[in-house]
Amino acid sequence: MCGRYTVTTQQDLIAEMDLVRADDASCAGALAVAPGLPAGLTSWWAPRWNVAPTQPAPVVRTRAGRATLGLLRWGLVPHWADDLAIGVRHINARAETAAGKPAFRDSLRRRRCLVAADGFYEWRRDGKRRVPHWFGPGGGGPVTFAAIWDRWRRRDAPAGAPWVESFAILTTAAAPLVAPLHDRMPVVVAAADRARWLAADDLPAEAVADLLAPGAAVVAGWIDREVEPWVNDARRERGDRAG
DNA sequence: CCAGACGTTGTT
DNA sequence: GTCTGG
DNA sequence: CCAGACGTTGTT
DNA sequence: GTCTGG
């Protein structure tokens, strides 16, 4: 699965993908609903060491023909949902079955996006303790997870109210490096495949099926590093409790 | 037709 | 045990 | 994902 | 909104 991750190298991703940064108004929907950004962040595109479900996070989409970094809430809320809370059950979507699920199908065809990240966490159980491990490229640097998005607004919302845009991370079978801790992991999209994933077309599932297949090659050179247990607390952004 | 669900994960 | 919040 | 709560009534 | 179950 993927239930927690880091994104600290977004400036490198902005350079690598030549991203436009969305204006603050387009981030208003994700920020208008609790919990908003973790305390202590000076901007929505600042580095994050502990992105947790329901938080807003930076995501790349094609907007007006340009790859654009914007802020979306983690946990996909389908446009037909009665309540924002539906999103907590949609933090991940299984790549093998998403094309057939009412909550994900249309988003997979028409609203694909990439989560800006540099690695993800998995937990090892040691008796009652849950010990976090970080998985990412040994040399550091940005990576992107395949994701889908939708927008939602309460039915009785006033006409001018902002839409809440939200996303789900696609998961696939775990690579051998991750398998000892868990049988699922996020779909990692290689730099060369990003443009195809982001294409604004209404794609049949087959058109991107190869990108969603388990791809051990994409995580070649990745490492498994045990990290400090402050990560367990989703309210913490750093070990020093600074934010 | 209407009513009700719509999802993944881990754990047992 | 199960749900909610982050 | 993990951590933490898990409730109702009446009154302000 | 759209699909499934009754």
Side-chain angles (χ1 to χ4, degrees), chain A residues 1-7 30-41 48-57 71-111 115 117 119-136 145-155 163-164 166-174 178-187 202 212 226-239 241 243:
Chain A
M1 64 71 33
C2 180
R4 216 72 79 77
Y5 65 91
T6 61
V7 53
L31 290 171
V33 287
L37 287 175
L41 289 192
R48 307 266 293 274
W49 280 267
N50 200 5
V51 181
T54 73
Q55 292 178 355
L71 190 71
L72 282 71
R73 179 184 172 97
W74 186 8
L76 189 145
V77 184
H79 60 92
W80 42 258
D82 293 326
D83 199 282
L84 189 67
I86 303 285
V88 299
R89 288 176 289 181
H90 298 164
I91 67 173
N92 297 134
R94 293 178 66 91
E96 301 90 330
T97 57
K101 302 292 185 185
F104 300 141
R105 190 186 63 180
D106 203 44
S107 289
L108 184 62
R109 275 207 322 237
R110 302 177 53 192
R111 290 182 296 276
V115 174
F120 61 90
Y121 296 111
E122 292 289 355
W123 276 261
R124 174 172 56 82
R125 282 167 181 280
D126 177 17
K128 288 176 185 169
R129 288 167 47 82
R130 289 152 193 269
V131 181
H133 287 234
W134 181 87
F135 292 87
F145 302 145
I148 54 181
W149 65 277
D150 204 345
R151 60 175 205 168
W152 171 87
R153 208 158 63 158
R154 200 169 290 285
R155 261 197 293 274
W163 293 88
V164 179
S166 58
F167 67 95
I169 297 174
L170 290 159
T171 65
T172 189
V178 180
L181 265 67
H182 195 53
D183 62 344
R184 307 289 299 173
M185 63 175 273
V187 173
D202 182 344
L212 297 181
E226 184 175 326
V227 294
E228 294 296 313
W230 65 260
V231 170
N232 292 13
D233 188 343
R235 293 167 303 184
R236 296 204 192 184
E237 197 53 54
R238 297 297 305 274
R241 228 202 191 299

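Basis for what follows: all heavy atoms, side chains included, without hydrogens, waters or symmetry-related copies. In the text below, chain A, chain B and the rest are named by the order of the sequence lines, each starting its count at 1.
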Atom [atom1], compared across [N] and [M]: separation rounded to whole Å:
N	M	atom1	value
D:dC1	B:dT9	C1'	9 Å
B:dC6	C:dC3	P	13 Å
B:dA5	C:dG5	C1'	24 Å

Requested in this report: For A:Trp230 and A:Asn50, test the side chains for any donor-to-acceptor distance below 3.5 angstrom and give the result as yes or no.
Outcome: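 No.
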
Side-chain N or O of [X] versus OP1/OP2 of [N]: is the shortest distance under 4.0 Å?
X	N	result
A:Arg235	C:dG6	no
A:Arg105	B:dC6	no
A:Arg184	B:dT9	yes

Query raised in the report: May A:Tyr121 be described as stacking on the base of D:dC1, applying a 5.5 Å centroid limit and a 30° limit on plane angle?
Result: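 No, the aromatic ring of A:Tyr121 does not stack with the base.
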
Report task. Can you spot which of A:Leu31, A:Val51, A:Val164 makes a side chain to side chain contact (heavy atoms under 4.5 Å, CB included) with A:Pro56? Result ->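 So, applying the side chain to side chain contact (heavy atoms under 4.5 Å, CB included) to A:Pro56 and each of A:Leu31, A:Val51, A:Val164, only A:Leu31 qualifies.
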
Query raised in the report: Which nucleotide in the list C:dG6, B:dG7, B:dT9 gets nearest to the side chain of A:Thr171?
Result: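 Among the listed nucleotides, the one closest to the side chain of A:Thr171 is B:dT9.
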
Query raised in the report: With respect to the side chain of A:Asn232, which nucleotide from B:dT8, D:dC2, E:dG1 is positioned closest?
Result: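 Closest nucleotide to the A:Asn232 side chain: D:dC2.
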
Report task. Using a heavy-atom cut-off of under 4.0 Å over every strand shown, decide if A:Tyr5 touches base, sugar-phosphate, or nothing. Result ->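 If one applies the 4.0 Å heavy-atom cut-off, A:Tyr5 turns out to touch nothing in the nucleic acid.
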
Query raised in the report: Checking all strands, does A:Thr97 fall into the base, sugar-phosphate, or nothing category for heavy-atom contacts under 4.0 angstrom?
Result: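 Sugar-phosphate, no base atom in range.
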
